[in-house]
Amino acid sequence: MTENTLSSEMLRGSVIHLVNERAVSVPNMLKYVDISRSRLYDYLQGHGKVSATTLHNILLTMGVSPDELWLHAYLDNPELVKDAVAEEGQANKKIELNEVGIEMALRIWKKTHDSAYLVSLIENIYATEDDALKDQLYRRIGKAVGQFFSTLNFFTENDYKLFAYLIDFTDYEDVKLITSRMRNHIDRVIEIAKLNNDDAIQDRAYANYGIQYIAYSQFRFLMAAYRENDIQAVKEITWYLVDLPLPKLQWHQSFVKKIVQITQLAFTDDQEAARLLWNKVDDILNFMIPANDQLAYRAFLTCSYEEFISVVTCGRVKYA
């Protein structure tokens, strides 16, 4: 075995440990794997190999992501974590937050196009107090990211998170193109998830993808479309967000989705239903959120229903 290599045997050891520790029913697991009972039992007893698909399905039955499996293996074998990995993780702390430093960071990023690296860098920039500098640095990063994301067809969870951070600092035409590509991508993910008839497995696969970041990036695009007075894009993203599934018990995303649903009803001239939902959201807000924590949500509701509808439809919908 090569030095500092995490072997398939170590990963299997982590799978076996998790199966035993979490008391997973092997007969139930057999419903979701593509191998025989004897081969699965052999694998869980430390013999033989399984395909990547089988390993993925084993993890899904436990609600464990591939990243968490790798983490478990490294926790059992900390000596295998290379110094180079640790050094890379510290790289952002050495970047000076100025034009020269950002250009250096972008050169590092272009070697791997690791969005997590830039997400961390942006969070460091956010902590600075110089707003003019922050705007300048964000726009430089947004230009580079916009050019790269415009070429992608597959997006990671961190890609969506990075895009959401940078939408306001990226050329609007690039934002429209990237958003279109992201919609195509997540639509494919949803279709793949639907191919599995077991709702529990489907929910886990979907939740692991980080749908909250996808929804957030789409909502940020809606705000950009409003600023550009792009009414066609506003309508398209409104319908898209209403139909986009969101994780259960995600209060913030659910609130935003209700606001978007009100907009959709207004666009379809169903003023009665839109006003009813508006009043219901206000009541739910008072019930769910303490008064001291309502400020971010109240920004939507401080104006009258008529004023809200006029703004969100760019004056295109006339209320009674």
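The figures here come from the full heavy-atom set of this structure, side chains too, leaving out hydrogens, waters and symmetry mates.
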* Would you say L177 and F154 are hydrophobically clustered, going by side-chain heavy atoms of ILVMFWY under 4.5 Å? ->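 Shared cluster, no.
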* N184 and N153: side chain to side chain contact (heavy atoms under 4.5 Å, CB included), yes or no, with the steps? -> CA-CA 8 Å; N184 291 337; N153 292 308; over 6 Å; no
* **Heavy atoms of other groups near E99 CD, more than 12 under 6.0 Å** =>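 Count not over threshold, so no.
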* Is it true that atom CZ of R22 has more than 12 heavy atoms of other residues, nucleotides or ligands lying nearer than 6.0 Å? -> no
Would you indicate whether the side-chain heavy atoms of [Y] and [X] approach each other to under 4.5 Å?
X	Y	answer
V145	Q147	no
V234	F267	yes
H72	V15	no

Distance, nearest 0.5 Å, that separates [atom1] of [X] from [atom2] of [Y]:
X	Y	atom1	atom2	answer
L118	I141	CG	CD1	6.0 Å
Y138	Y165	OH	OH	9.0 Å
N158	S120	CG	OG	10.0 Å
F148	K110	CZ	NZ	11.0 Å

* Relative to the ring of Y305, is the ring of W278 parallel (under 30°), tilted (30 to 60°) or perpendicular (over 60°)? -> perpendicular
Shortest non-hydrogen contact between [X] and [Y], atoms and distance:
X	Y	result
W109	A144	CH2-O, 3.9 Å
P27	Y41	CD-OH, 4.3 Å
L30	I35	CD2-O, 4.1 Å

Kindly say whether [Y] contributes a backbone atom to a donor-acceptor pair with the side chain of [X] at under 3.5 angstrom?
X	Y	result
T128	I125	yes
R220	D168	no
T179	V175	yes

* Asked: Between K134 and D130, is there a salt bridge with N-O shorter than 4.0 Å?
  ->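 Between K134 and D130 there is no salt bridge, as every charged N stays at least 4.0 Å from the carboxylate O atoms.
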* Carboxylate-amine/guanidinium proximity below 4.0 Å for E9 and K49 ->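 No.
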* **Step-by-step side chain to side chain contact (heavy atoms under 4.5 Å, CB included) determination, L11 to W70** => CA-CA 7 Å; L11 290 176; W70 257 251; 3.7 Å; yes
